[in-house]
Amino acid sequence: MSDLSLDVFRAAMRRASERIATYLETIESRPVRPPIEPGTVAAALPDAPPIEAEALDVILDDYERLIEPNVTHWNHPGFLAYFSSTGSMPGILGETLAAGLSVNGMLWRTAPAAVELELRVCRWLRDMVGLPADFHGHINDTASISTMLSLAVARARAVPDAREAGLTGRNLPKLLVYTSEQAHSSVDKASITLGLGLDQVRHVPTDDGFRMNPDALARMIAEDRAAGHQPIAVVATIGTTSTTSIDPVEAVADIADAEGLWFHVDAAWAGSAAVCADYRHLFAGWERADSVVINPHKWLFVPMDCSVLFVRDVDALRAAFALVPEYLTTAERATTVDLMDFGPQLGRRFRALKLWFVIRAFGVEGLAAVIREHIRLGQGIAARVDSDPDFERSAPTPFSTVCFRMIAPDLDASTLDRVNERLLDAVNADGRIFLSHTKLHDRYVLRFSVSNLRTEARHVDMAWELIREHATRLIGSSRQGAAIQSEEP
């Protein structure tokens, strides 16, 4: 059997495009999370692959029956959990066309347009957020990979012969990476992957606003050097995952400069807000970094996966990873960029196309307008929390993510934790919205994050009413239960 006939393909594509459009049109009528138990989908799938070919209409029928209803709908306007990843319509178009081309952008020769477009749209994004012109950008799948690549360059700079000799079986000091105790786990995973290990990540204490404490950072570096260890990098965060707090980037940059450390800034989610010139003051100091990561698949409405790593010294990145076997040498290599040089990955899909579509279809001002509205909505929820005696805000709200919890002076902390956990379960069980949680100061905290393209004021209003409704019920039953417990002998 060869590939499908073009007539069959065209018919299937028409059906698929209509299916996607209908899905987006009706998504608000669905529960954000499917009301199914683990194993439900697996139980409906055959144990073995088909021996004979199946018609695309049959496969699409099964998609509509098994897959679409049983995913968590990240495109849903009620998706207020984690950091949402919205597939905008221009992004979906770009992703579809990239799949049709199916190019591998490892070399300029293997995908000239893909390579040159990636370099150009990354330059656009750099200029859109106000980073200096000496930053080079390229696209990875996630911030976890972007951060790992950055720390790999830090490792190479600290131990120049590590590329050839490795790290094991040698008398090397501990190579240490410093980051906030609120930093994303990608820093720890990068340390595992790079052979440094979890013990070599130093988690710096934070202040009352969950921001890295620069004095503690400086003290820890001094103590580690005195113990014979070798600090190699520091990672600051603009928009931490739990609270979206902003580390004091300028102060951290001063320490990194003085200590000769590679300085990486994780702005995976919040970095997109720098498209708004009126919020750019929150990013002061990131221009001094050696590397910065921004994920357009989070707050710029590009479908998963699209993470842009900006590196000031692109030659250092290339030196850490470039490896060119004879079968990949090309006559034009001296005058072109080969994206395979910027990481361990050889095969590279055409991620730039969807980013190009989104930037052009929205325009810089269109993207900024949506982000400003999200921040306005998030700040509105923060104000409602602050004015409600049954709630307290658990962290500052610099952007559009609000951390909060129910409170009651007559209930102890552990009881309140259980009440807040039950509140989250009850709200999510309703199906119209989806919130996530974190722990701050060892207390259970709810997160309300507004960064979905389709979220409007009416969805935020409905979400707060739903939270308030369940909170009233839960606080009453918890007080009644506590009273009964106190009366028991």
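We're numbering straight along the sequence, starting at 1. We use all heavy atoms of the structure for the numbers below, so side chains are in, but hydrogens, waters and symmetry mates are not. Owing to the predicted nature of the structure, the values given are computational and were not obtained by experimental measurement.
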Handout entry: Under 3.5 Å side-chain donor-acceptor pair for N295 and S307
Key = yes
Problem - Stacked cation flag R288 on W286, 6.0 angstrom / 45 deg - result: no
Exercise for the section: May I ask you to test the M128-L367 pair for a side-chain heavy-atom distance under 4.5 Å? Expected result: yes
Handout entry: Side-chain heavy-atom pair F263, V265 within 4.5 angstrom cut-off
Key = yes
Completion exercise
To the nearest 0.5 Å, atom CD1 of I67 lies from atom CG of L60 at 11.5 Å
Practice task
Give me the ring orientation class for Y23 and H73: parallel if the planes are under 30° apart, tilted from 30 to 60°, perpendicular past 60°.
Solution key: tilted
Handout entry: Salt-bridge present (R458, D461; N to O < 4.0 Å)
Key = no
Under 3.5 Å, sequence neighbours excluded: what are the donor-acceptor pairs made by side chains of residues 268-275?
from	atom 1	to	atom 2	distance (Å)
W269	NE1	S451	OG	3.4

Problem - Parallel, tilted or perpendicular, as decided by the 30° and 60° cut-offs, for the rings of F448 and F404 - result: tilted
Practice task
Indicate yes or no: does D313 engage R157 in a salt bridge with an N to O separation below 4.0 Å.
Solution key: no
Exercise for the section: Would you give the length of the straight line joining atom CZ of R33 to atom CG of D430, rounded to the nearest 0.5 angstrom? Expected result: 12.5 Å
Handout entry: Electrostatic pair E18-R15, nearest N-O below 4.0 angstrom
Key = no
Problem - Interatomic distance, C276 atom SG to H374 atom NE2 [nearest 0.5 angstrom] - result: 11.0 Å
Exercise for the section: Kindly assign one of parallel, tilted or perpendicular to the pair Y444 and H437, based on the angle between their ring planes and the thresholds 30° and 60°. Expected result: parallel
Practice task
Rounded to the nearest 0.5 Å, what's the gap from CG on L328 to OG1 on T110? Could you check?
Solution key: 8.5 Å
Practice task
Quick one: sort the Y279 and H281 rings into parallel, tilted or perpendicular, breaks at 30° and 60°.
Solution key: parallel
Problem - Stepwise salt bridge (Lys or Arg N to Asp or Glu O under 4.0 Å) check, R349 with E95 - result: CA-CA 10 Å; R349 41 189 227 99; E95 187 80 282; 3.2 Å; yes
Fill in the blank from the handout: To the nearest 0.5 Å, atom CG of N452 lies from atom OG of S85 at 9.0 Å
Exercise for the section: Answer yes when R372 and D278 have at least one side-chain N-carboxylate O distance shorter than 4.0 Å, and no when they do not. Expected result: yes
Exercise for the section: May I ask you to say whether E118 pairs ionically with R348, meaning some side-chain N is under 4.0 Å from a carboxylate O? Expected result: yes
Handout entry: Distance in Å, I246 CD1 paired with L282 CG, rounded so as to fall on 0.5 Å steps
Key = 4.5 Å
Problem - Salt-bridge criterion met for D134 and R126 (N-O under 4.0 Å) - result: no
Problem - Aromatic ring proximity, centroids under 6.0 angstrom, H441 and F210 - result: yes
Problem - Lys/Arg N to Asp/Glu carboxylate O, R393 vs D386, below 4.0 Å - result: yes
Handout entry: Heavy-atom side-chain proximity of T401 to T243 below 4.5 angstrom
Key = no
